[in-house]
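What follows is one structure encoded as structure tokens, with my remarks underneath.
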Amino acid sequence: MQTIYYDLRDTKGQQKEIEDKISAAAKILREGGLVGIPTETVYGLGANGLDGKAVKRIFEAKGRPQDNPLILHITGPQWLPRYCADIPPIAYVLARKFWPGPLTMILKRRAIVPDETTAGLDTVGIRCPNHPVTLAIIREAGIPIAAPSANTSGRPSCTTAQDVLEDMDGKIEGVVDGGACAVGVESTILDLTCEPPRLLRPGGLPLEDLERLIGHIDVDKAVTTPLQEGEKPKAPGMKYRHYAPKAPVTVMTGAPGAAAREIQRRVGPTSGVICFDEYAHLFAQQEVHTLGPSTDKLAQAQRVFDALRTFDESTVTEIYAQCPDNRGLGLAIGNRLKKAAGFHIVETDSQRVVLGLTGGTGAGKTSALRAIAELGGTIIDCDAVYHKMLEENQELRNAINEKFPGVFTAEGKLNRQKLGQEVFAKKDRLEQLNAIVYRFLLPELERQVAELSDGLYAMDAINLLESGLDRLCDKTVAVTAPMELRVRRIMARDGITEQYARLRISAQKADEFYRGKCDEELTNSAETPEAFERDAKLFFTRMVESLREEKRHGGV
Ligand code: AMP
Ligand code: MG
């Protein structure tokens, strides 16, 4: 199939020629064909939204999952009753204020809208785009145009007609070039079938603008945090790893300066960087695409997809991206970057969060700690603190010496073997030693935690709960695993027999102990440490995000 290119960048020229092009595009659409169309947000891939067969072709051309509905584009609120039922008055209030513009409303659908368009849902997403060319095409065609973003599924959205041709040339009947998109990120999706209304996708219309007009809006969880396996977002499209360049992306949140420094610490010669203009000079060795000034979110929105897309033609092995704060368009820009990163986020300077990890041998505490370190977290090794104190803290040494005479040599060195022999044979002796250690360790760590700067920390302590160190943590996490997996893991890890592995496990506290005493449980039933580390990263990202949210609102 040959894709016809219609240049409509200049609509002030030859009126006849312009009208002919608009009529041609409208005709293709009326006859069941596909046309790439410009909007203020991103380019759309349009078809007659009332023609199930035509709409089906959109899914084929994009390789789009069947369960992901399309947005219906109309010329204004007067068309709403044709396609929607039970329209609440607030829909008209919003349409009057923000249409034409980057706001998609979810409303009850009428039967005239085919299942292909709504992916079988009983609701429909509908909006009036703010682009004169596309509005003229819809008006001329006299039908609502179903259009998702014009990219191949999984690639960044298209913000120029060239992007559309790159993905769709030969697969669709036409592309209408209306110039580069003014907004650059997709529309804001607001569900009006619930009370209060719910933000399903942040986009070109800031949440604050909506709330100023209609009051509080709930923000769907899928906007800020990754979905757990099997979880269904209310906007089906939010579950896909959209906008993904080929190289893995890591997003740095936090103040621009701190984020840039963290990227600097991590980059190598084959890394790519997406950053604000002010910081580009720090990355002379790397391939860099800038987002515009750190204070200009409109520029950032316009450029974010282009930056991600450009890296597809590059040989970089990883991409680090700076990320604006969540205010205004920042929520949408950050959401697109984070989705491109599969929510692989490193927080460089947000509030302090201290997690406490505990669990029995072979459960996966070490992998869980590694996941936290990869998220930019710092591990507080309580065992190391204890050993340092054993050498330097005279009061602690005296206390031990009193209860365990003779474990220090004449030169003042601790004879660990001797102390070990004393305590590991007799339970009450071990308890006596622990009581002394905890008495000194707890205030020392309390002091250290109080001095920590903002950021993410994880406390690695053998007896986190027994020692009282859990009190210093914002949340405690029990890392647990099915018994048979633990047995197999420690057999492989330490090269020991099954019988001995079982003995080691049974000498420790059971999972139930940790489960009952910790705030949360992270169960490791993954096949490989890598798979578990991935699970753990999602788990901790979500936990930290909600902890910070609580702290922001004065909780905890
Ligand atoms: P795209 O145009 O590619 O950004 O895709 C349209 C987006 O709108 C997807 O994320 C869809 O999941 C979402 N959407 C469309 N219709 C509905 C609906 N009825 N309910 C919820 N989300 C919808
Ligand atoms: Mg899309």
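Just follow the structure's listing: the first ligand is 1, and inside any ligand the first atom is 1.
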Checklist entry - What atoms of ligand 1 come closer than 4.0 angstrom to any heavy atom of Leu70? => result 15 (C), 16 (N)
Item to check | Val124, portion touching ligand 1 at heavy-atom distance under 4.0 Å | outcome: backbone
Next on the checklist: Under 3.5 Å between any N/O of Leu200 and any N/O of ligand 1: does that happen in this structure?
Outcome noted: no
Checklist entry - Which one holds for Arg198 and ligand 1: side chain close, backbone close, both close, or neither close, with close meaning a heavy atom under 4.0 Å? => result neither
Item to check | Part of Arg201 with heavy atoms under 4.0 Å of ligand 1, whether side chain, backbone, both or neither | outcome: side chain
Checklist entry - Under 4.0 Å from any heavy atom of Thr123, which atoms of ligand 1 are there? => result 18 (C), 19 (N), 20 (N)
Checklist entry - Hey, looking at atom 3 (O) of ligand 1, which of Glu186, Arg64, Lys62 has the closest heavy atom? => result Arg64
Item to check | Contacts of Lys221 that satisfy side chain to side chain contact (heavy atoms under 4.5 Å, CB included) - sequence neighbours left out | outcome: Thr225, Glu231, Arg542
Next on the checklist: Can you check which of Pro69, Gly44, Ala146 brings a heavy atom nearest to atom 14 (N) of ligand 1?
Outcome noted: Pro69
Next on the checklist: Looking only at the side chains, is there a donor atom on one of His344 and Thr250 sitting less than 3.5 Å from an acceptor on the other?
Outcome noted: yes
Item to check | Structural part of Thr118 in contact with ligand 1, heavy atom criterion under 4.0 angstrom | outcome: neither
Checklist entry - Given Trp99 and Ile74, is the side-chain contact (heavy atoms from CB on, under 4.5 Å) satisfied, shown in steps? => result CA-CA 10 Å; Trp99 278 4; Ile74 58 176; 4.0 Å; yes
Checklist outcome for this item: For Ile189, the atoms of ligand 1 under 4.0 Å from one of its heavy atoms are 7 (C), 8 (O), 13 (C)
Next on the checklist: Can you confirm whether the side chains of Ser525 and Thr523 place a donor and an acceptor under 3.5 Å from each other?
Outcome noted: no
Next on the checklist: Using a 4.0 Å cutoff against the non-hydrogen atoms of Ile71, which atoms of ligand 1 qualify?
Outcome noted: 6 (C), 8 (O)
Item to check | Ser187 and its side chain to side chain donor-acceptor pair (under 3.5 Å) partner, picked from Thr104, Thr39, Asn130 | outcome: Thr104
Checklist entry - In ligand 1, which numbered atoms sit nearer than 4.0 Å to a non-hydrogen atom of Asn68? => result 9 (C), 11 (C), 12 (O)
Item to check | Leu121 and ligand 1 - part of the residue with a heavy-atom distance under 4.0 Å | outcome: side chain
Item to check | Any donor-acceptor N or O pair under 3.5 Å, side chains Glu278, Ser294 | outcome: yes
Next on the checklist: Quick check on contacts: which atoms of ligand 1 are under 4.0 angstrom from a heavy atom of Lys234?
Outcome noted: 21 (C), 22 (N)
Next on the checklist: Between Ser157 and Arg336, is there a side-chain donor-acceptor contact under 3.5 Å, judged purely by atom types and distance?
Outcome noted: no
Sequence neighbours left out, cut at 3.5 Å: what donor-acceptor pairs do the side chains of residues 169-182 make with other protein atoms?
| unit_1 | atom_1 | unit_2 | atom_2 | d |
| --- | --- | --- | --- | --- |
| Asp169 | OD1 | Thr3 | OG1 | 3.4 |
| Glu173 | OE1 | Leu34 | N | 2.8 |
| Glu173 | OE1 | Arg57 | NH2 | 3.2 |
| Glu173 | OE2 | Arg57 | NH1 | 3.1 |
| Glu173 | OE2 | Arg57 | NH2 | 3.3 |
| Asp177 | OD1 | Tyr43 | OH | 3.3 |
| Asp177 | OD1 | Gly179 | N | 2.9 |
| Asp177 | OD2 | Tyr5 | OH | 2.6 |

Checklist entry - Between Arg303 and Asp296, is there a salt bridge with N-O shorter than 4.0 Å? => result no
Next on the checklist: Suppose we only count N/O/S atoms under 2.8 Å; would Ser153 qualify as near the Mg ion (ligand 2)?
Outcome noted: no
Checklist entry - Going by an N to O cut-off under 4.0 Å, is there a salt bridge joining Arg109 and Asp115? => result yes
